[in-house]
Amino acid sequence: MREFDTELVRVLPDTARKGADGQLWVGGRPLAELADEFGTPLYVYDVATIRAACAAFRRGLAQYSGESSLIYAAKAYASVALFQLLAQEGLGVDCVSDGELFMAHCAGVPAERLVFHGNNKLESELEFALRIGVGRFVIDNLDELELLAAIATREGKTASVWLRLNPGVEPHDTHAYRRTGQLDSKFGLPIETGDAERAVRSCQSLSALQLLGYHIHIGSQIFDLRPYREAIERTFAFAARMRDRYGIVPREFSPGGGLGVPYIPDDPVLHLTEAAAMLAEWVQAAAHAWDLPLPRLFLEPGRSLVARAGLALYRVGAVKRIPGVRTYVAVDGGMADNIRPALYGAHYVALPGKFTERPAERVTVVGKYCESGDVLVREAWLPAPQRGDLVVVLVAGAYCLAMASNYNLARRPAVVAVEDGRVMVWQRRETLNDLIAREMVVAPKMTDIEFSPCP
Ligand code: PLP
């Protein structure tokens, strides 16, 4: 087995190796073998990389003097098997819909470890969350506060809540679509407008709500951590005012998730242990500065736990050379399984499934869907690509499948996980029958056709 050069290692799963014959191996298995067995597009998760990321966060949090917990943001990628793996690692799950809550509940994640987020939780979702005993409701606005209180009162329950504060802080090093901490945002109770204070007062008067603490989440894919510090300081200054005015002291606090990960070798790298330790230090300093007790600290990462662990495997179907212009390499997936390049210009690295002696060519890897914007990797270097080659897109573990669609009635890919040479099928590929499962009027002939789940 051979190692990769240091720049590439930043965007590969921890166990990636190059076999003697040039094949790319992950988790003790050659990727080409997985592609042959399960078909493409195929998403592969390296379990060791996920476990290592959890351990890195734990080491950082160990430097916090108070209690702490790790919560996985399910929106990055949701599956029963992943939730079970993370629950074994001691994590809870942050959910934003009854769908995510249901899956986490089915996976056996203890309800106490579930955190329910969202800027417009439906009445039915709040009822469901109360019924399964969600540990924390993160109240996003004043309407929701009243609604939750009314439902909890009706059900004879007490809901444990955090208030999601909008601290008025904007991280500038991420795409505008991924910023959430600025005043002009659909998320959170602004401190600046007085909504946050109104929410504190309401919690005090509503016996169905138990205010445990505050939450902030300023955005996602952030490398420059200074805005977190600013947001933490503003939150604790607010907490101190609420203590002085109403005697309310937060027992818990979460600065959310959002830590950035490199997608291409030139991207910066955040050391997860150091980043977690830094957040912990800023929370300690802010609590100390305002003479507040250390709250139990919750970190809520999504991307940084699973992105680099995931790979997308595609098969080349067509190569179109336009001399002097560009070479298009069309693969059997694309924007239906990974919308990120089309949505916010995300960059990726594509590698060949097998490194050969063929000279590398600059190409554009495109998908098979009916949009010119269906580009996966605008500039990839692949060894003289040809039909049948395997193409591997790196850092595909977060916000790819999570945002996957059935555009063009694509079937969503299968997902396998690898660990120490073992392969676990996490999710089967969707079938043609899945695509018509919701149809209420179905051509009778079509229902007679049986399709196997894998190609
Ligand atoms: N917490 C909240 C409230 C979020 O909205 C998000 C994502 O946007 C996260 C955590 C996870 O962010 P990330 O995947 O960037 O770590």
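Each ligand, and each atom within it, is numbered from 1 in the order the structure gives.
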### Query
Which atoms of ligand 1 are found less than 4.0 Å from any heavy atom of Tyr399?
7 (C), 11 (C), 12 (O), 13 (P), 14 (O)

### Task
Return a yes/no value for Gly258: is any of its N or O atoms, backbone included, closer than 3.5 angstrom to an N or O of ligand 1?
yes

### Task
Give the contacting part of Glu300 toward ligand 1: side chain, backbone, both or neither, where contact means a heavy-atom distance below 4.0 Å.
both

## Note on the structure
Taking every heavy atom of Cys54 against every heavy atom of Leu91, the minimum-distance pair comes out as SG-CD1, 3.9 Å

### Query
What do you reckon, are the aromatic ring centroids of Tyr228 and Trp282 less than 6.0 Å apart?
no

#### Entry: N or O pair under 3.5 Å between His215 and ligand 1
no

### Task
For Pro255 and Leu297, work out which heavy atoms get closest and say how close.
CD-CD1, 3.6 Å

### Task
Tell me, with the steps shown, if Glu155 and Arg131 meet salt bridge (charged side-chain N to carboxylate O under 4.0 Å, His left out).
CA-CA 9 Å; Glu155 304 281 318; Arg131 208 166 72 225; over 6 Å; no

### Task
Classify the contact between Ala73 and ligand 1 as side chain, backbone, both or neither, using a heavy-atom distance cut-off of under 4.0 Å.
side chain

### Query
For ligand 1, which atoms, with element, lie under 4.0 Å from some heavy atom of Arg303?
13 (P), 14 (O), 15 (O), 16 (O)

### Query
Which bit of Phe187 gets closer than 4.0 Å to ligand 1, counting heavy atoms only: side chain, backbone, both or neither?
neither

## Note on the structure
A student checking ligand 1 against Pro301 at a 4.0 Å heavy-atom cut-off should list atoms 16 (O)

### Message
Among Asp332, Leu313, Asp337, exactly one meets side-chain contact (heavy atoms from CB on, under 4.5 Å) together with Pro413. Which residue is that?
### Response
Asp337

### Per-atom contacts, ligand 1 versus Arg164 - under 4.0 Å to a heavy atom
3 (C)

### Query
Just heavy atoms, cut-off under 4.0 Å: does His117 contact ligand 1 by side chain, backbone, both, or neither?
side chain

### Query
Between Asp94 and ligand 1, which residue portion shows a heavy-atom distance shorter than 4.0 Å: side chain, backbone, both, or neither?
side chain

